[in-house]
Structures are given as structure tokens and as C-alpha cells.
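Here is the structure we will look at.
A note on names: the letters A, B, ... follow the listed sequences, proteins ahead of strands, and every chain is numbered from 1.
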Amino acid sequence: MKFTFFNLMPWPYLPDDFRKKYRSVWVDIPSSLYDPVKGHTVYNDYLDTLEYAEEVGFDGVGVNEHHANAYGMMPSPNIMAASLARNTSKAAVVVLGNSIALYNPPIRVAEEFAMLDVISGGRLIAGFPVGTSMDTNYAYGTIPALTREKYSEAHELILRAWKEEETFAFNGRYNKIRHVNCWPKPVQNPPPIYIPGGGSLETYDFCIENDYVYCYLSFSGFMRAKTLMDGYWRRVEESGKDPSPYRGGFAQTIIVAETDEEAERDYREHVDYFYNRCLHVYPGFADAPGYRTIKTLQANITEQMTQNANVSKMSWQELIDQGYVIAGSPDTVVEQMKRLASTLNVANIFCLIHIGDMPKDKCMRSAKLFAEEVIPKLRNVFPDYADDDRFWINPIDQSSITETKEAK
Amino acid sequence: MESRIIEIQDRASIRVYEGGSGPDLFFLHGAGGLLQNDPFLNALMENYRVTAPLLPGYEDSESEHLRDMLDFTLHSFDVLDQLNLNKPLVVGHSMGGMIAAEMAAIAPDAIERLALICPAGFWSDDHPIPDLFALLPYELPGLMFHDPEKNGDLMSAGGDFNDPEFLTEFLVGNAKRMGSAGKILFPIPDRGLSERAYRIKAKTEILWGAQDKLIVPHYASLFSSAIANSNLTMIQEAGHMLPYEQTSQVLEVIAKL
């Protein structure tokens, strides 16, 4: 299995009465709740946690893109990734990802991802999300019913911009560019491509066809993800491709402490902060009409409606029993992670170790315990695919670089 | 009232409601579509031969080819042509008014008589129009009607939201309708009509509900000054659903055309 340390970068100063006083953490949250001076420390603390994650042994460090969102303060994940590319040396830099329908022209993504891949020496994992409706439609104004068409055109343009050796003309519906010429090119061409999906059938097929990694980034935990991932694996089987668990990725909230009791005592408040304040989204912003395809709506509505449990009222034990949070001593967490792996058949784990308003020291403690006490016991969960490196980074061999310099 | 499907090349398959007798009247509906056995259409049919096409996304009208304002405008001309309607009186409500005005701006000689009922299409920073795409169903009647108590039922979904099958059907229908409307209304219902409205030659009646809370009466004056040969009527005790709240007064104004 591969473990990527994720930090969503939430704003940790939302007031206690946030739910009562404000209708949404996203889209129209008042900017009076933000303080740039505090923000300076917050960003730097968060980057520290990501760099520390590499130090203690995570395979990757992950960032993502949100807009007008107080639980995800990375409108530009590439800025964070650039910093990480310099301050890490082995870990995959997992950008999950750039909402490619929002970049105009999307060559910008081809260029910036190429830069990141070159700076990091071939350690980029490139994520291409459609982006949530809150980000894509409400905050960035993309027309809901045209979002997917724009997305697929952007995808085509970016891949061609990386691959073509000669300058070419691109006559798209949304992008007309006479001279497409991506300078620089990425080291890995293309880098591993990860696609966050939310259960749409089209996205399953898109990943399978292109050998992209299908990632389910939910905050509802692994048990509730089973139906969705089962749907994906069924499509994989129907397509005739191998069911390598590395074709799948999943985001999971994880807390490790010395004991189960300590996990609850020290971390519960931060979990509450996340589920109560950070996920408080006005329902009117949840899903702009036209954003989802009709096929997906027809397949999923009933399920989505019945899945909306009231997390804010759950007890610690309920959160754990229902899989929202994996938390406890290293042994407890190992056992739950094994259940996650066997339930979902997923080998790429995006570990949400930083949660809500968790301070840096607590986050690092939990990260260290996970890396040192948990990861080693999970390395061989999928022995049949132990050598499957098709979906992971393929960095430059650093020794070859030194030799070249010496030869000169 | 009858309805049938017409095919436009291989580009669109469109349901058209028809009925009544008298001069030809071409009606373009708003973002909500037509109501069940639409009372306003029925009223129009007493004096006119009414043709009311449904845009793609509404009921079983379909097309993969409409993306922007020009597509919607030309599509409406395609429907007119297909039905052999020659210079009918064109009436549009809300989003339909926006399309009707675009038609008259693009082909000023083809549209001679025009009724715009609280049309969309303009934007004023001082009077931002509420985001129709971020409203919850229960918020709609208060915004759409002058008297939601009396008329709110007109917009009821006609079923029980606790029934998963009905809920699915409703959400799918809503996603199709508003997804389609969003192509010209999202995120701001302005596709440049104010730049083109000077071209409109049609004799134009502009009608507005004095209590319209969705597109407030400020916009009535914008339309009125943008269209040269126009006359504005403000109607009291009416909100954005003016044709349904004050049907007879609306008919009287249309009768002037």
C-alpha cells in the first residue's frame, strides 16, 4: 500500500457558534472570519506538517484545490506543491488536483504540472478533478451543464500538450490556440494521473480506459464508500482489466495515539470541529442543476439521500464504528486499516491525519505514530500486487545526475 | 390543449403545445417551464392560436446542440420555421422573454410584435438578481409570487418528497430543466442582450409585476429605455409569476399588439 499524508488546510478559527450564525463554510462564508496575520502562521504550520510527513516515512504528501472554502485554503495547490517539491526529496508530490475545467487556457496546468515534475525530479502525481459544484460552478462561475464537456476538452489538450513533440494547433470548442507548445515537458510523461470521483459512471469508465487511478475523496469513511467502490470494481471487471488495488484511492480520516483512550481524549475536539463546522455547507450550493449527468443522478439519488447521516450529532464511538474516523492505538488502527483495505480493495490511501483545528504538534505526533507503528504492518496487505508500480511515481535516478555533472 | 413532438433536422426533438384559435401567438416559457395544464396558456388560447414549444431539458424535449445564447435564439427560429408560423405575435416570460428579445434583436425584421413579461437578460450591479441556482425548493414561492399563500400551490411539485421514486423523478427533472436554463442564465443571466437590444424594431409591450422580487421593477425601466418602440405596463399585486397572478390584465396588454 501507498500512504499519502494529506492536509486540507482548514481555517482553525471558525467561531463556536459558526453553524448557527453562518449558513455555509463554502462559497459565501464572510471573509471577515479570515485573518491574514494568523493565516501566515497557519499556512507555514501546515507546510511544516507535510514536510514532516516525508521525514517520518509517508510515501507521498498531498494537496488539493478549493475556492472560497474555509476548510480547504488552497485555491492554488500548485503553490503549495512547489514549496513541497523543493523541501522534500523522496516523497511523491500528490496534487489532487487541478480542476482543469477552470484554467483558461488549460495549458496552464500542463505547464505548471510539468514545472512541478521537473523541479521535484519526477515525483509528481497529477490529479485532474472535475471539481465540486461549489468550487466549479458557484465560486468560479462555470456553467454546470457544460462543465464536463469543458473538462474533457481540457484533459485532451493537456495530454497532447505533454506528448506532442511539435507545436500544434488546437481547435476546441472552449479553447482555440494556434500554437500549443508546452515548455517545459514533464520528466514522467505523463505523470501518474489520479481522478477524484464521486460515483459517476462516466468517471469510472474514463479511469479504466486510460489506466488512471480512481480516487474517492469522501469524509464519510470507508464503510459508506463500499457501494461506490464496488461499483467501480464491477466496471473494472467488465472491462477485462486487472483489479489491481493500485487502480483505486481513498481518503480516510485517521488518528493514532498511544492508546485508544488517548486518541479520544486528545483528538476528539478536532474531529468535532471538522465535522461540525468545516462540513457545514448550505444545501443550495451542494449540487448545481446540470452539474451531474442525468445517468448518474438516476443511479445514485436514493443512495445519496439515505447516506446523509447527521455526523454532527454522532458520538466518538459511533464515528469509529461507522468508519468515519479510524482512531486509536497503533494496534487498533492497523486492524481498522486492514478492514478498510479489504472492504474497498484500495491500495492508495490519502491519510487525513490533520483534521479541523488540530495544532501542529498533535498532528505530528499522530503522523509519526502512523508512519512508524502502522505503515510497516500494512506494507504487504496486497501480496499479489506487491510489484505493481504502474500507478506510482517514477523519479529520476539521482545518482545518474551526479555522474552526468562529473562527466562534464 | 394538445401537444406533439417535432423534429428539427437531426438536431432537436421538441415537444410543442398547441391550441386555441385566432391570430398566431408563439409563447416562450420561463426557467420553470410550463405548469400542469398551464392556466396562462389556456387563457391565451381563448383569443389566439397558441404555439408553445418546450426547450430541450423540459419534459421530453431534447437536443445535444444548444450551448450558448446564439444557439438558443437560432433554435427558436428553427422551431418557428418548422411550424410554418409567419410573423406571429411573440410572447416570452422571464427566460422566455430573454430569448424572445434576442430573436427580435438578431432578426429585427422577422419579429414585428413582441410581448416581454418580466424578461431576464439584463444585469444591474445595484440590483443583483437572486441566484436561482442556489435556492432551495421551499424558498421559491416567496420569491416568485406576490401572494405565495394564494398561488404558491401552482408551483407545487405534485407529489411527496418522502417517496424516493417521486424524489428521484423530481430531482432528475429539475436537473434537466435548470441544467438547460443554466446555459443562458448561470451564473449571471446576462449574455449581452443590453448591447443588442437597440436593434429591436418590433412593437413591444413590456409587462412587469410591481411586486416582482426575482427581477425587480428596476429592470423594467432598463428594458423600456433599451427598446425604442416599446411601452411599459406595471401591474399591481403581481410578482415574477405575473401571467399567473394577474392573467386578465396581462391579456389586455397583449391585446394591444
Side-chain angles (χ1 to χ4, degrees), chain A residues 23-29 67-68 101-102 130-153 172-175 198 200-201 281-308, chain B residues 31-33 55-72 95 123 128 130-140 142-143 157 160-191:
Chain A
R23 71 170 186 174
S24 192
V25 75
W26 211 333
V27 182
D28 64 356
I29 179 168
H67 301 278
L102 302 183
V130 172
T132 68
S133 195
M134 291 71 108
D135 293 313
T136 308
N137 306 132
Y138 292 106
Y140 259 42
T142 303
I143 293 172
L146 302 177
T147 304
R148 280 161 209 281
E149 197 173 75
K150 222 174 151 189
Y151 172 91
S152 45
E153 183 177 309
R173 193 185 296 282
Y174 301 95
N175 302 278
S200 98
L201 307 176
V281 179
Y282 178 62
F285 295 141
D287 203 350
Y291 167 76
R292 282 181 209 285
T293 64
I294 297 305
K295 212 164 117 191
T296 302
L297 273 179
Q298 282 163 336
N300 291 346
I301 280 177
T302 324
E303 186 188 318
Q304 280 167 7
M305 293 295 151
T306 51
Q307 287 217 347
N308 283 340
Chain B
L55 282 168
Y58 291 78
E59 293 184 21
D60 51 357
S61 285
E62 283 180 358
S63 174
E64 298 289 313
H65 296 275
L66 304 195
R67 290 183 181 81
D68 63 15
M69 194 67 235
L70 185 59
D71 294 337
F72 276 69
M95 173 179 76
W123 180 263
D131 184 355
L132 201 54
F133 297 88
L135 291 172
L136 301 180
Y138 69 83
E139 295 175 299
L140 273 174
L143 204 57
D160 176 8
F161 283 123
N162 293 319
D163 169 11
E165 234 169 79
F166 174 77
L167 182 66
T168 302
E169 196 188 306
F170 172 81
L171 289 176
V172 167
N174 188 57
K176 281 165 109 173
R177 287 187 294 271
M178 294 306 286
S180 176
K183 291 174 179 176
I184 55 173
L185 300 181
F186 188 95
I188 287 177
D190 176 359
R191 296 295 187 268

Contacting moiety of B:Glu165, where chain A heavy atoms sit under 4.5 Å: neither
Greatest number of heavy atom pairs closer than 4.5 Å to chain A - which of B:Gly57, B:Ala134, B:Gly179: B:Ala134
At their closest point, which heavy atom of [X] faces which heavy atom of [Y], and how far apart are they?
{"X": "A:Gly284", "Y": "B:Leu136", "result": "N-CD2, 3.5 Å"}
{"X": "B:Ala175", "Y": "A:Ile294", "result": "CB-CD1, 4.2 Å"}
{"X": "A:Gly141", "Y": "B:Pro187", "result": "O-CD, 3.6 Å"}
{"X": "B:Leu171", "Y": "A:Leu297", "result": "O-CD1, 4.2 Å"}

A:Tyr291, part contacting chain B, at a heavy-atom distance under 4.5 Å: neither
Contacts of type salt bridge (charged side-chain N to carboxylate O under 4.0 Å, His left out), residue B:Asp60, not counting sequence neighbours: B:Arg15
Point-to-point distance, once rounded to the nearest 0.5 Å, from CD of A:Glu149 to CD of B:Glu64: 9.0 Å
Contact check, side chains of A:Pro144 and B:Phe133, non-hydrogen atoms, under 4.5 Å: no
Listed once per pair and sorted, the side-chain hydrogen bond (donor to acceptor under 3.5 Å, both in side chains) pairs that draw on residues 136-146 of chain A, sequence neighbours left out: A:His67-A:Tyr140, A:Ser133-A:Asn137, A:Asn137-A:Thr147
